[in-house]
Protein chains: 4
Amino acid sequence: MLRIPRPVTKVKQSPITARKAPAQARSRRLVSDILEAAARVLAREGSRRFTTERVAEEAGVSVGSLYQYFASKEALLFRLQTDEWQDTWAILDEISRDTRLVPLERLRKVVIVFFRSEQQEAALRVALDDSGALFRDAPEARAFTALTRQRMRDFFKELLPGVPADKQEFAADVVLTAMAATAEKVTVQGLDRRTVDAWAKANAEMYCTYLEALLRLAPSRRR
Amino acid sequence: MLRIPRPVTKVKQSPITARKAPAQARSRRLVSDILEAAARVLAREGSRRFTTERVAEEAGVSVGSLYQYFASKEALLFRLQTDEWQDTWAILDEISRDTRLVPLERLRKVVIVFFRSEQQEAALRVALDDSGALFRDAPEARAFTALTRQRMRDFFKELLPGVPADKQEFAADVVLTAMAATAEKVTVQGLDRRTVDAWAKANAEMYCTYLEALLRLAPSRRR
Amino acid sequence: MLRIPRPVTKVKQSPITARKAPAQARSRRLVSDILEAAARVLAREGSRRFTTERVAEEAGVSVGSLYQYFASKEALLFRLQTDEWQDTWAILDEISRDTRLVPLERLRKVVIVFFRSEQQEAALRVALDDSGALFRDAPEARAFTALTRQRMRDFFKELLPGVPADKQEFAADVVLTAMAATAEKVTVQGLDRRTVDAWAKANAEMYCTYLEALLRLAPSRRR
Amino acid sequence: MLRIPRPVTKVKQSPITARKAPAQARSRRLVSDILEAAARVLAREGSRRFTTERVAEEAGVSVGSLYQYFASKEALLFRLQTDEWQDTWAILDEISRDTRLVPLERLRKVVIVFFRSEQQEAALRVALDDSGALFRDAPEARAFTALTRQRMRDFFKELLPGVPADKQEFAADVVLTAMAATAEKVTVQGLDRRTVDAWAKANAEMYCTYLEALLRLAPSRRR
DNA sequence: AATGAATGAGGATTCATTCAT
DNA sequence: GATGAATGAATCCTCATTCAT
């Protein structure tokens, strides 16, 4: 979900990226073990009980080892967050480029898939958000958000031909933010798949209607 | 903002309402002093550093006094949250009943006012959300949410005449959730008033377009 | 029950007797109200939750008033203890002087009555003991114990005629200590009256057998 | 001393056994250091001032370390108690099986040794009892008590041949309870060894006299 | 590289006692 | 005399992080 970073009073200065690039395969394995364990602990115990000790135990390593690969608890959480974003947006990016569908159909599909993806990761996300105040503002997070935002704006150029660039961009922001925010709020409620799909469809409908209205207002040199 | 409660791992059972009704004026004053101090601490230090000790110090009272009026840290946070909700929704409720405007105009106004209100309280809200996991599921919170939801559904009956009741309700949920979620995400960025207004207008536009489309599909004995 | 004071490292120096002699009837009434409330709180809530606040509330007075009559929480507890002792030993003293019964029968009755009395006050006593470390060693407690001990030694002179005074006294101590200690341990278990009576009888039997054996060994120039 | 559990208002459910089995020698050392420190603090400061902080400081470790080995203050206290019980009863059990002595002689010896053992641990025991309300009812405590009780009943079968089983058991309970309760009360007074021995002898005498009387009443198909 | 024991600051909450009204 | 609000030291316990082995 498109997370919009926000200003916070105090910004931690310590690096929250990985302490060391896992050069060996063994290290890479260890890192992913820890990340998976962390995800499990977060989902199972909640952010309140998400402690380095518990994560290490779940991963079958010592706390010391955990700190060998993650500079801090915060860094671990950040990595978890980032990984989740990457997975989700890779899929959406792909759909948005699928030329076999007309643009509005692609948007509909993006919305549906996004809601579903959010649903699956809801438990993790909730816990993540509870600890989220810690790194919402890391530069890495900003960079990632900027990237996805750019990609989606490109998609909206296709969706709104003939519409001035600034309006295109704003529409993209409006729709994507609505989608991300709504999906987050909705999936967090633990609804079943059918209900989530209904929400997704209604939202997709709303966005499409809106974009069509925008198109209608455009200088329409559209043929 | 319409907050949708969500399931959380552990639900506290102890009451989170105020420990003692502030009968005397002095007590009332103290309670509001503490609440204001709490809001300041939350905004300034963030939820991580929001401690009873700090709040008491900021309010210029002892921890003991704080606990005389709030049964727990959680209760204090809850009170802060509730007060904010109440203020916001009282205004929206009023607008939604203002018969001098046609329904869709009222919706537009509701959206604008809501975004502005959210903007003003953004700092507090952020911190509040960070601590939110603690009482999102308190019965009192659910009760309040249920009430506002009902009021808004009544409003949507006016907005969507001729539309089946279940569709009315779903549309209300979809639009309000989008509004609440989006306003939250947007205002958190610290944008200036003009920009926030632009977001609000675009969103209002989107909702209106959507509702009009729904109306068009309705059995329409509304000539 | 015969409480044997014991040495403790640190002895508090503050007076634990009542702060002020209740001159007026009103005061006397207040003191007994507080004492009764204290007994109820102790029995109902346990020593852990026995707080001045709770006692004051139960008595329907303010903490301030409580402190007007009892110098400290400790003093209140001490008074409770003392009152209980007095009641119990007044009865036993009376029985031990009842010349309508032969001495050994009186002992039997003393034992039975004592066990029953202990049973009735078991709940209070448990809670009292939990807080007991506080004043086991107050001079007032020692004085009281000394008095009752003397009375009972007098009784044992009748029980063990012809036995040397020092042996009489020692026997008194041995039997009374066994009785007090055993009754305390037994009644604390919450047994029903029949069972407690059985224990009392068995103990009375044991003491009588023992005293008879001592008598048999005595120089017996009696008649 | 045979401690008879009693009902208490609140029963904690969390496990009070050691958090982690001290596998390495170092750990074992630490555990015993803490236990010794705890015993010292308890004896020196009393239960009121027996805090985790103080124990840790006395042991020369941090509170954190203390909690590494004991799940809670309660667990630490419980361990202290248990260790004391175990030591005492192991000795008594051995004596009661010593076939080189006739049964009544063994009982006499049991009583003497018990009084002496209680005397040595009196200071600790006092403090322990003051805090005892906390875990008197732990299942582990009940289990231990049940075990020792059974062992002693077996001994009484030898002491009271020809006496019906139920009477044997009751006599065992009566005598052992009297012994435990009396020894506790007596040794707590800080008497010298000779005096304690005198009490022990007198009590042993009383129990023997009582048991002999019971034997005399038995169906006596003996011989 | 890995371990995991040790640290100790930090946090929520309670309660005996005082004292201004 | 009575009140009860205010105080704040004291308590138990957690957990991110370090570092000797």
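Keep in mind that the numbers below use all heavy atoms, side chains included, and drop hydrogens, waters and symmetry copies. Chain letters run A, B, ... following the sequence lines, proteins first, then strands; residues in each count from 1. Only a predicted model underlies this, so the values are computations on that prediction, with no experimental measurement involved.
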How many whole angstroms separate atom CD of E74(C) from atom P of dC15(E)? 17 Å
Rounded interatomic separation in angstrom, taking CZ from F70(A) and P from dA16(F): 15 Å
Classify L30(A) by what it touches in the nucleic acid, base, sugar-phosphate, or nothing, heavy-atom distance under 4.0 Å. sugar-phosphate
Output the rounded distance in Å from CG (L66(D)) to P (dC13(F)). 10 Å
Please give, in whole Å, the distance from dT7(F) P to E57(B) CD? 13 Å
Do D33(C) and V61(C) touch side chain to side chain, with heavy atoms closer than 4.5 Å? no
Whole-Å distance between dA6(F) C1' and I34(B) CD1? 11 Å
Below 4.0 Å: OP1/OP2 of dA6(F) and any side-chain N or O of Y69(B): yes
Return the polar atom pairs (N/O with N/O) between nucleotides 8-11 of chain F and the protein under 3.5 Å, or none.
residue, atom, partner, partner atom, Å
dG8(F), N7, G64(B), N, 3.4
dT11(F), OP1, R54(D), NH2, 3.2

Taking the side chain as every heavy atom from C-beta outward, state whether R79(B) and V31(B) have any pair of such atoms under 4.5 Å apart. yes
T52(A) vs F70(A) side-chain heavy atoms within contact, under 4.5 Å: no
Please find the pair of heavy atoms, one from R49(B) and one from V41(B), that lie closest to each other, and give the distance. O-CG1, 4.3 Å
OP1, OP2 of dA5(E) versus side-chain N and O of R28(D): anything below 4.0 Å? no
Note: I34(D) and S65(D) closest approach over all heavy atoms is CD1-O, 4.5 Å
Hey, where does DNA chain F pair up into stems, meaning at least three consecutive Watson-Crick or G-U pairs with distances under 3.5 Å? E:2-21 with F:2-21
Give, for atom CG of L35(D) and atom OH of Y69(D), the distance between the pair rounded to the nearest 0.5 Å. 12.5 Å
What one should report as the nearest heavy-atom pair of A39(A) and L80(A) is N-CD2, 4.1 Å
L66(D) CG to R54(D) CZ distance, which is reported to the nearest 0.5 Å: 13.5 Å
Indicate whether OP1 or OP2 belonging to dG4(F) is found under 4.0 Å from a side-chain N or O atom of Q68(B). no
Closest non-hydrogen atoms of S62(C) and A56(C), given as atom of the first, atom of the second and distance, are C-CB, 3.8 Å
Within this structure, what is the CG-to-C1' distance between D33(B) and dA6(F), rounded to whole angstrom? 14 Å
Taking OH from Y67(A) and C1' from dC19(F), how many angstroms apart are they, rounded to a whole number? 14 Å
